[in-house]
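Just follow the structure's listing: the first ligand is 1, and inside any ligand the first atom is 1.
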Amino acid sequence: MIPAGLVNDLSPLPALQPSSWQDQLKSAFRTPRALGEYLELPEATIRAAECVGQGLPVFVTRTFADRMRRGDPADPLLLQVWPVASLSHQNAASDSFCDDPVDDVSAQAAPGLLHKYHGRVLLVLSGACGIHCQYCFRQNYAYSDLPSGIVRWQESLQYVESDPSITEVILSGGDPLMWTDGQLERLIESLEQIPHLKRLRIHSRMPIVCPSRVGERLTHMLSNSRMRVFLVVHSNHAREIDSSVAAAFGQLQAARVVLLNQAVLLRQVNDSVADQAELCERLVDCGVLPYYLHQLDRVRGAERFEVFEDDGLRIIEALQKILPGYAVPRYVRETAGAASKLPVVESSTGK
Ligand SMILES: *Cc1c(COP(=O)(O)O)cnc(C)c1O
Ligand code: SF4
């Protein structure tokens, strides 16, 4: 045993308070230069990113950046957030990339509420996220039209209340965990008063990019809900899930939250059998079931991330041969006007 005095001698610094999730976001990298220099990327790589005028600005937490390989411009975590100039118009495929490929606009039934599928409505709570993903399908969404503040959500709550076929509310965004615990508490309390609601689902990348978001107040709130709570985390690569993320998963599981993952199939990020197998195994070893692998939505600016459906199908077939059935996600894509997300199948392959 080490005598207490010796421990004190070895640790002259006062114990640091663990920083809050808001502090983590405040200190996030917001420019290619700040992130690039931190990661010791080549100067030419940083300069090229600084010249990119379109797309989402860089936003990456330090904890997520710490999982990237230093000096490697091809790191799969970095590629998701690093600005690259879009393809030129000479590329025919880019003609079918548009602002609203999934037709969210016509599914809007009340301000910030999308009712596309039977029994489920989706609330677009926030336009903000704990990371900016360059492939994001909501990057052109008119978030400024969102109701702001809990009072303005009354119209959406009334919509849910008036339709007893709705049994599940999905909190989405942006990232719904950008709302404070206090705001979420008030919303969830209102939802709980609607008797036909049985399930609450939260789609969030915060447990991955800012695991300190999963605090006691949040887990307490979720474990005390009368609704069954599902949290769909969005992880695209096994290396995103370090021990701090696994610990956040553990806290949520202790709060009886069912954890699922959805990933997006992304070129050069996770488009190999090895990448997907590693991600799925890492997830199930953390008690998180792979739910969906999404074909990229064809949103303008995301062209460079597209993987052909034939290649995606080959990856899924290979996964089925090496993983237990529960570890293989459903490979789906969103089709405007369809009654659900549709499985990607051989005959539907369109390049
Ligand atoms: C994806 C989505 C859902 C949920 O679909 P599931 O197949 O249940 O995961 C619900 N509403 C909207 C608008 C969606 O885009
Ligand atoms: S976390 Fe999700 S909504 Fe936010 S930028 Fe990334 S992909 Fe888009």
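Using a non-hydrogen distance threshold of 4.0 Å, Asp175 does not register as a contact of ligand 2.
Residue contacts with ligand 1, taken as heavy atom pairs separated by less than 4.0 Å, involve Ile170 solely via side-chain atoms from C-beta onward. The proximity of Gln108 to ligand 1, defined as any non-hydrogen pair under 4.0 Å, does not occur for either the backbone or the side chain. When heavy-atom distances to ligand 1 are checked against a 4.0 Å cut-off, His115 has no atom that comes that close, whether in backbone or side chain.
With respect to Arg282 and Asp242, no salt bridge is recorded, no charged nitrogen being found less than 4.0 Å from a carboxylate O. A salt bridge links Glu185 with Arg217: the closest approach of a Lys/Arg side-chain nitrogen to an acidic carboxylate oxygen falls below 4.0 angstrom. Between Glu40 and Arg70 a salt bridge is recorded (basic side-chain N to carboxylate O distance below 4.0 Å).
For ligand 1, the atoms closer than 4.0 angstrom to any heavy atom of Leu122 are 11 (N), 12 (C), 13 (C), 14 (C). Taking every non-hydrogen atom of Lys341 and a distance limit under 4.0 Å, the qualifying atoms of ligand 1 come out as 1 (C), 2 (C), 3 (C), 5 (O), 14 (C), 15 (O). Against a heavy-atom cut-off of under 4.0 Å, Arg201 is close to the following atoms of ligand 1: 4 (C), 6 (P), 8 (O), 9 (O). Under a 4.0 Å criterion applied to the non-hydrogen atoms of Arg120, ligand 1 contributes the atoms 5 (O), 6 (P), 7 (O), 8 (O). Taking every heavy atom of Tyr292 and a limit of under 4.0 angstrom, the matching atoms of ligand 1 come to 6 (P), 7 (O), 9 (O). Residue contact check: Arg205 has heavy atoms under 4.0 Å from atoms 1 (S) of ligand 2. For ligand 1, the atoms sitting less than 4.0 Å from at least one non-hydrogen atom of Tyr291 are 6 (P), 7 (O), 8 (O), 9 (O), numbered in the order shown with element in parentheses.
Two residues are said to be in side-chain contact when any heavy atoms from C-beta on lie closer than 4.5 Å; Val245 and Val233 fail this criterion. Using a 4.5 Å heavy-atom threshold, the side chains of Val81 and Val58 count as separate. Side-chain atoms of Ile241 and Leu279, non-hydrogen and from C-beta on, do get closer than 4.5 Å to each other.
Annotation: salt bridge (Lys or Arg N to Asp or Glu O under 4.0 Å) contacts of Arg199 (sequence neighbours excluded): Glu168.
Because the distance cut-off is set at 2.8 Å, Cys129 fails to qualify as a neighbour of atom 8 (Fe) of ligand 2, as none of its N, O or S atoms comes that close.
Considering each of Gly173, Ser172, Gly174, Cys133, the one bringing a non-hydrogen atom nearest atom 5 (S) of ligand 2 is Cys133.
In this structure, the side chain of His196 engages the main chain of Asp163 through a donor-acceptor pair within 3.5 Å.
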One pair to check against side-chain contact (heavy atoms from CB on, under 4.5 Å): Val60 and Leu77. What are the steps and the verdict? CA-CA 10 Å; Val60 186; Leu77 276 56; over 6 Å; no
